[in-house]
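Proteins come first, then strands; the chains are lettered A, B, ... in the order of their sequence lines, and each starts at number 1. Remember, it's a predicted structure, so these values are computed and weren't measured experimentally.
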Amino acid sequence: MVRRPHPRRRLSTRIPGLARLARRPLPTPPERLRIGPFAPGAFPSPLRSERLTAQLGIAVGAAFTICFVTGVLSHLAQHPVGWLPAWPSRPVALYRVTQGLHVATGLAAIPLLLAKLWSAYPKLFSWPPARDLTHALERLSIAVLVATTVFQLVTGIANIARWYTVMPFFFTVAHYWTAWVAVGAILVHIAVKLPVIRRALTRRHAAPPDADDAVRTSRRGLFAAVGAAVGVVTLTTVGQTVRPLSALGILAPRRPSIGPQGLPVNKSAVEAGIRRVDASYRLRVTGPRPLSFGLDQLRALPQYSVQLPIACVEGWSATATWSGPRLRDVLDRAGAPKDARVRVESLQQGGLYRAATINPEHCRDPLTLLALRLHGADLALDHGHPCRLITPNLPGVMQTKWVGHLVVLPA
Amino acid sequence: MKTARIVLVLAGLAAAAFGVVGLLTADHGPRPLPYVEFALAGLLGHDLVLAPVALTLGALAGKLLPTRHRALLRAALLVTTLVTLVAFPFALGAGYSPTNPSALPLNYRHGLLIALAAIWLATTALLATRALRIRRQRPKDVSGGPHG
């Protein structure tokens with residue numbers, strides 16, 4: 001590693017006091033403490049190089065970029081921001097693709113991040129531990145970088161494995177906001193390392209001495225192994241959203257064909273506290289003309305059948321045929337304005353996802369149903385019997401089940 | 001490059017600050033202490049447990065495995081370790097609940113074993129083709145090689 005401090009004339013002439021403070025050497029610990037992993041030559045692998053670290057860094061950076069962009073999209077689909085364009089209802093499979101990609105890329109990022117951390121691991125024991133204040137700050141930013149990237153992958157996989165008890169916080173909020181910290185730490189890291197990255201990727205490196213590939217792992221060999229791990233992880237999990245590969249999904253947390261009526265369920269009726277829905281069921285509509293429908297009255301409305309994917313934030317998705325009245329027909333009867341948003345409330349008593357606010361575009365979409373039937377049969381209780389919302393291109397958590405109340409919101 | 005670096009640092013600090021403010025102020029956000037403990041556990045769990053164990057095992061494998069196939073066998077061990085780590089939360093099954101049988105519906109221990117069997121089958125096939133190729137390349141070499 002090059003340890004020469006770069007001359008910083010411009011900065012130091014502007015703010016000499018700060019620059020001097022940032023560059024003032026910190027005391028070096030006594031040399032006899034330089035033992036174990038701190039000793040020179042403690043990490044002898046000739047495989048490690050700036051070039052390898054830079055290449056693995058690009059792979060990890062690409063994976064985190066995909067996860068961040070798709071994750072922010074998923075957040076915006078659920079929590080719209082006024083000045084941004086609303087999440088669209090077309091193409092109907094967009095969310096299925098973005099969220100499937102989010103989870104698949106996150107799983108693939110686990111081997112990539114571990115390889116990257118391995119390649120940079122000796123830096124953890126660099127000597128002296130902190131040369132000056134700038135160096136100390138940089139090392140602190142690396143701690144934030146490692147902690148938050150590991151945090152994102154650990155919480156992400158814990159969530160799709162439904163291992164909620166391991167997380168002492170509400171997953172969604174912690175995962176979303178930590179993503180911003182992780183991306184910030186990645187950007188700072190790229191800025192700090194930019195000269196090293198450029199040097200590592202532009203200079204032609206001589207092949208390491210004694211490159212007997214059979215004995216010693218080559219850089220190509222390491223890429224092949226990490227690539228193989230990514231391949232195995234992807235092939236055995238991506239079938240939860242890519243239907244043709246579902247039979248290979250031996251490690252996938254969902255199988256698109258397993259569940260009541262051949263469709264997975266994210267939250268079952270028991271988990272939602274719904275025991276049974278009896279004949280006294282009414283769907284109330286609060287709007288300009290308040291209405292109330294019994295199940296028979298909903299069945300008497302014009303019925304439509306749509307084929308739509310249901311796509312979960314957890315990354316699985318499956319296409320199904322849903323039937324029932326259109327939401328917009330019900331809203332028209334209630335005299336709702338065309339540009340009204342609608343809050344769709346479940347019969348379930350609690351839970352953060354008991355209600356969803358649906359944008360006008362989705363409310364008015366001809367594919368948006370108050371579904372009563374799935375694959376030609378009445379909805380199973382787990383799928384939201386007697387009535388659930390089905391919309392094109394919205395996360396599964398917003399497709400409210402056991403719908404009991406529609407509230408037309410002021411535009 | 002200097003401008004690019006300054007822009008990157010400022011954008012990074014802004015994103016991180018936005019995230020920290022969100023963590024501290026969002027509805028249903030984490031309580032600070034358990035959150036920091038969890039994040040530190042991940043950091044230290046990697047730096048002080050996972051990495052040293054993996055490095056020790058890797059070094060051991062480098063010493064014990066037959067020289068001739070060392071690189072391939074170490075690669076197979078690496079793939080085995082990485083796939084096992086990813087499969088661990090599913091194989092552990094802590095998230096399974098009988099009240100929702102379509103969540104985690106498979107036997108993930110079997111799934112992991114099948115995946116590992118496939119990895120080692122592929123490794124064996126690679127070893128066999130390499131052995132065949134070496135034999136074909138040196139049909140009359142009776143002196144033997146330095147490998148062994």
Side-chain angles (χ1 to χ4, degrees), chain A residues 107 110-111 114 117-118 121 124 143 146-148 150-151 154 157-158 161-165 167-170 173-174 177-181 183-185 187-188 190-191 194-195 213-217 221 224-225 228-229 232-233 236 250-251 253-255 258-260 264-265 267-268 270-271 352, chain B residues 1 4-5 8-9 11-20 22-23 26-31 34-35 38-40 42-43 46-47 51 54-55 67-72 74-75 78-79 82-83 85-87 89-90 92 94-95 97 99-100 102-106 108 111-112 114-115 118-119:
Chain A
L107 286 168
I110 295 173
L114 288 172
L117 291 178
W118 168 82
Y121 190 59
L124 181 60
V146 177
T148 51
V150 168
F151 183 97
V154 168
I157 197 169
R162 305 171 78 83
W163 192 7
Y164 308 126
T165 49
M167 295 182 274
F169 39 74
F170 177 51
V173 176
W177 290 107
T178 305
W180 285 93
V181 184
V183 160
L187 290 176
V188 170
I190 293 173
L194 206 55
D213 279 7
V215 181
R216 201 173 261 179
T217 306
V232 172
V233 165
T236 53
I250 51 177
L251 295 175
R254 299 296 180 131
R255 185 156 290 192
I258 295 184
V265 168
K267 190 165 209 169
S268 67
V270 174
E271 288 169 338
L352 285 177
Chain B
M1 186 159 74
R5 293 179 79 190
L8 280 169
V9 168
L13 291 177
F18 183 59
V20 170
L23 282 168
D27 288 343
H28 309 287
R31 283 179 296 132
Y35 175 88
F38 189 91
L40 276 181
L43 175 69
H46 173 270
D47 285 357
L55 283 175
T67 328
R68 186 176 193 160
H69 304 303
R70 187 171 289 168
L72 184 59
R74 281 178 92 180
L78 175 60
V79 179
L82 290 171
V83 170
L85 278 175
V86 174
F90 306 113
L92 182 72
S97 160
T99 58
N100 189 358
S102 72
L104 304 168
L106 310 175
Y108 295 94
L112 176 59
I114 293 168
I119 290 163

* To do: Indicate yes or no: at least one non-hydrogen side-chain atom of A:Leu117 is less than 4.5 angstrom from one of B:Asp47.
  => no

* Asked: For B:Leu55, is it the side chain, the backbone, both or neither that has a heavy atom under 4.5 Å from a heavy atom of chain A?
  -> side chain

* Asked: Given the options A:Thr165, A:Val146, A:Leu194, which has more heavy-atom pairs under 4.5 Å with chain B than any of the others?
  -> A:Leu194

* Structure fact -> Among A:Pro264, A:Ala143, A:Pro253, the residue with the most heavy-atom pairs under 4.5 Å to chain B is A:Pro253

* Checking heavy atoms, do the side chain of B:Leu78, its backbone, both or neither come under 4.5 Å from chain A? -> side chain

* Asked: So how far is it from B:Arg5 CZ to A:Leu187 CG, rounded to the nearest 0.5 Å?
  -> 14.0 Å

* Do A:Leu114 and B:Leu82 come close enough that some side-chain heavy atom pair is under 4.5 Å? -> yes

* Structure fact -> Answer key: most heavy-atom pairs under 4.5 Å with chain B among A:Thr178, A:Ile190, A:Leu107, A:Val150 is A:Thr178

* Asked: Judged by atom type as modelled, is there a donor-acceptor pair below 3.5 Å linking the side chain of B:Thr99 to the main-chain atoms of A:Val270?
  -> no

* To do: Can you tell which part of B:His69 gets under 4.5 Å to a heavy atom of chain A, answering side chain, backbone, both or neither?
  => backbone

* Structure fact -> Cut-off 4.5 Å, heavy atoms of chain B, and the answer for A:Ile110 is side chain

* Side chains of A:Val232 and B:Ile119: does their closest heavy-atom pair fall under 4.5 Å? -> yes

* Structure fact -> In this structure, NE2 of B:His46 is separated from OH of A:Tyr121 (nearest 0.5 Å) by 7.0 Å

* **Heavy-atom side-chain contact between B:Phe38 and A:Val154 under 4.5 Å** => yes

* B:Leu23, part contacting chain A, at a heavy-atom distance under 4.5 Å -> both

* **Geometric class of the B:Tyr35/A:Phe151 ring pair [parallel <30°, tilted 30-60°, perpendicular >60°]** => tilted

* Asked: How many angstroms lie between CD1 in A:Ile250 and CZ in B:Phe90, if you round to the nearest 0.5 Å?
  -> 12.5 Å

* Tell me, out of B:Pro89, B:Ala54, B:Pro30, who's got the most heavy-atom pairs with chain A below 4.5 Å. => B:Pro89

* Residue A:Val265 versus chain B: region with a heavy atom under 4.5 Å -> both

* Structure fact -> Assert top hit (heavy-atom pairs under 4.5 Å, partner chain A, pool B:Pro105, B:Ala87, B:Ala75) equals B:Pro105

* Atom CZ in A:Arg162, atom OG in B:Ser97: separation rounded to 0.5 Å? -> 7.5 Å

* To do: Determine the minimum heavy-atom distance between A:Ala161 and B:Leu104, stating which atoms define it.
  => O-CD1, 3.4 Å

